[in-house]
Amino acid sequence: MGTRHDHFLIGGIVMHDSDIQGLLDNNRAWAKRMCQEDPDYFTRLSRQQNPDYLWVGCSDSRVPANQIIALPPGEVFVHRNVANLLHHNDMNALSVVQFAVDVLEVRHIMVVGHYGCGGVRAAVTGGECGMVDYWLHSVRELYSRHRDTLQGLPLEDQVDRMCELNVKAQVNNLCRTKILQRAWQRGQALSVHGWVYGLADGHIKDLDCSITGLEQVATLYRIDRLAPSRDD
C-alpha cells in the first residue's frame with residue numbers, strides 16, 4: 001500500500017490538504033453566516049439571473065467586480081482575463097459577450113482595467129514571460145504606437161497610462177464585433193464603457209470613451225458600411 005501524501009503542487013506552489021480543507025470550512029462558515037443575516041439570500045440567488053451589466057475585467061484577484069460596484073452576484077455577469085483583453089479570435093470572451101447581449105440583454109458593458117496591472121507592465125517592460133507573451137502581443141503593439149509620448153514618463157506612470165490606453169482599445173475592439181453591431185441594428189439599448197480601477201484608493205475612473213450606438217464605430221469596422229446590392 002502506498003504512502004498517503006498530504007500535499008500536492010499547483011503552479012509550482014506546494015498545497016497541503018489542510019489548506020484546501022480550510023477553504024471548504026470557510027465556505028461552510030460563510031454560507032451559515034449569510035443565512036443568519038439574510039434567510040432568503042440563497043433562494044433569491046438561485047433564481048434565474050437577469051443582470052443589466054457585463055463586466056469585462058482583469059483576472060487580478062484584487063479586483064472583485066461585484067464588491068467594487070456594490071452589487072450582489074446576480075446583478076453582474078462577469079468575464080475576466082489577463083489584462084482585460086478582447087481579442088477577435090477569443091471564442092471564450094466572444095461567447096460570454098454574445099450570451100450577455102443576445103440572451104441576457106444586458107444594457108451596459110464595462111471594460112475595466114486597473115492601475116498597476118501586471119500584464120500591462122509585462123508588455124511595457126518586455127522580457128520573457130512564457131505563454132502569456134502571445135496573449136499580451138496586442139498590448140505590446142499598443143505600447144509601441146505610443147512609445148514616443150510615454151518614454152519621458154517614470155515607469156509607473158507609463159504603466160498606468162498604458163492601462164488607460166489599453167481599456168480604450170478594448171472598448172473599440174468590442175464595438176467592432178458583429179455581436180454588438182447587430183444588437184444596435186435591431187434597436188437594442190446597449191452601451192459600452194471604459195473604466196480603470198485604482199487599487200490604492202478603491203475608486204473607479206471613467207475614461208469618457210463610452211460608445212452607445214453603431215454610428216460611433218469607425219466606418220471601416222462597421223458591418224453596414226457597404227451599400228446593399230441591387231439584388232437585395
Side-chain angles (χ1 to χ4, degrees), residues 54-63 65 68 78-97 100 108-181 190-200 203-223 225:
L54 167 61
W55 175 290
V56 179
C58 182
S59 297
D60 193 303
S61 60
R62 298 169 295 175
V63 192
I68 289 172
V78 179
H79 176 76
R80 297 167 68 172
N81 60 51
V82 175
N84 44 272
L85 300 181
L86 285 154
H87 295 305
H88 290 152
N89 59 353
D90 182 357
M91 293 298 103
N92 184 1
L94 292 179
S95 296
V96 170
V97 172
H108 299 277
I109 301 177
M110 296 87 74
V111 179
V112 188
H114 66 94
Y115 292 119
C117 178
V120 172
R121 179 184 296 275
V124 170
T125 58
E128 170 61 42
C129 298
M131 285 294 295
V132 76
D133 286 337
Y134 297 101
W135 179 256
L136 295 173
H137 182 71
S138 64
V139 186
R140 286 198 172 93
E141 289 185 324
L142 183 65
Y143 177 63
S144 178
R145 291 199 295 273
H146 293 274
R147 187 190 301 269
D148 291 343
T149 59
L150 295 175
Q151 277 189 327
L153 301 174
L155 177 59
E156 294 302 320
D157 292 342
Q158 288 191 49
V159 172
D160 285 350
R161 178 60 180 146
M162 272 298 301
C163 289
E164 296 179 349
L165 292 171
N166 181 49
V167 166
K168 291 181 178 180
Q170 304 317 312
V171 167
N172 287 328
N173 284 345
L174 180 56
C175 293
R176 291 168 184 172
T177 63
K178 292 181 179 179
I179 300 168
L180 266 70
Q181 294 192 27
L190 180 63
S191 301
V192 183
H193 313 277
W195 294 353
V196 179
Y197 174 69
L199 295 170
H203 293 172
I204 291 173
K205 179 180 179 180
D206 187 344
L207 297 179
D208 295 322
C209 59
S210 297
I211 296 178
T212 60
L214 186 56
E215 69 281 355
Q216 294 175 266
V217 179
T219 303
L220 177 63
Y221 301 99
R222 288 171 55 168
I223 60 176
R225 69 184 184 277

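The figures that follow rest on heavy atoms only: side chains count, while hydrogens, waters and symmetry mates do not.
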Exercise. Rounded to the nearest 0.5 Å, what's the gap from CZ on Arg80 to OG on Ser61? Could you check?
Key: 7.5 Å
Practice problem: Using modelled atom types only, decide if a donor and an acceptor are shared between the side chain of Asn166 and the backbone of Val120 within a distance under 3.5 Å. | Solution: no
Quiz item: Hey, does Leu180 have a side-chain heavy atom less than 4.5 Å from the side chain of Val217?
Solution: no
Exercise. Identify the heavy atoms of Ala83 and Cys58 that sit nearest to each other, and give their distance.
Key: N-SG, 3.6 Å
Quiz item: Who pairs with Thr125 by side chain to side chain contact (heavy atoms under 4.5 Å, CB included), at least two apart in sequence or on another chain?
Solution: Arg121, Leu155
Quiz prompt | Gap between atom CG of Asn173 and atom OG1 of Thr177 - 0.5 Å precision | solution = 9.5 Å
Quiz item: Which pairs count as salt bridge (charged side-chain N to carboxylate O under 4.0 Å, His left out) when at least one residue sits in residues 160-170, sequence neighbours excluded?
Solution: Arg161-Glu164, Glu164-Lys205
Quiz prompt | Shortest non-hydrogen contact between Gln158 and Gln151, atoms and distance | solution = NE2-O, 3.8 Å
Exercise. To the nearest 0.5 angstrom, please state how far the OH atom of Tyr115 sits from the CD atom of Glu156.
Key: 13.5 Å
Quiz item: How long is the span from the CZ atom in Arg176 to the CD atom in Gln181, to the nearest 0.5 Å?
Solution: 10.0 Å
Exercise. Please collect all ring-ring contact (aromatic ring centres under 6.0 Å, His included) contacts where either partner lies in residues 134-179, sequence neighbours excluded, each pair once.
Key: His87-Trp135
Self-check item: Val56 side chain reached by Gln170 side chain, heavy atoms, under 4.5 Å
Solution: no
Practice problem: Please name the pair of heavy atoms, one in Ala122 and one in Leu136, separated by the smallest distance, quoted to 0.1 Å. | Solution: CB-CD1, 4.0 Å
Exercise. Calculate, to the nearest 0.5 Å, the distance between atoms CG and CG belonging to Leu94 and Asn89 respectively.
Key: 8.0 Å
Quiz item: Do the non-hydrogen side-chain atoms of Leu85 and Ser138 ever get within less than 4.5 Å of each other?
Solution: yes
Quiz item: How about Asn172 and Ile211: do any of their side-chain heavy atoms sit closer than 4.5 Å?
Solution: yes
Quiz item: What residues form a side chain to side chain contact (heavy atoms under 4.5 Å, CB included) with Asn92, not counting sequence neighbours?
Solution: His79, Asp90, Val96
Self-check item: Closest heavy-atom pair and its distance - Leu86, Ala93
Solution: CD2-CB, 4.1 Å
Quiz item: Where do Val111 and Val167 come nearest, in terms of heavy atoms and distance?
Solution: O-CG1, 3.5 Å
Quiz item: Are any non-hydrogen side-chain atoms of Ile179 and Leu174 less than 4.5 angstrom apart?
Solution: no
Quiz prompt | Closest non-hydrogen atom pair, Val82 against Val132 | solution = CG1-CG2, 4.1 Å
Which atom pairs, one a donor and one an acceptor, fall under 3.5 Å between side chains of residues 190-199 and the rest of the protein, sequence neighbours left out?
residue	atom	partner	partner atom	Å
His193	ND1	Ser210	OG	2.8
His193	NE2	His108	ND1	2.9

Practice problem: May I have all residue pairs that pass salt bridge (charged side-chain N to carboxylate O under 4.0 Å, His left out) and include part of residues 135-150, sequence neighbours excluded? | Solution: Asp133-Arg140
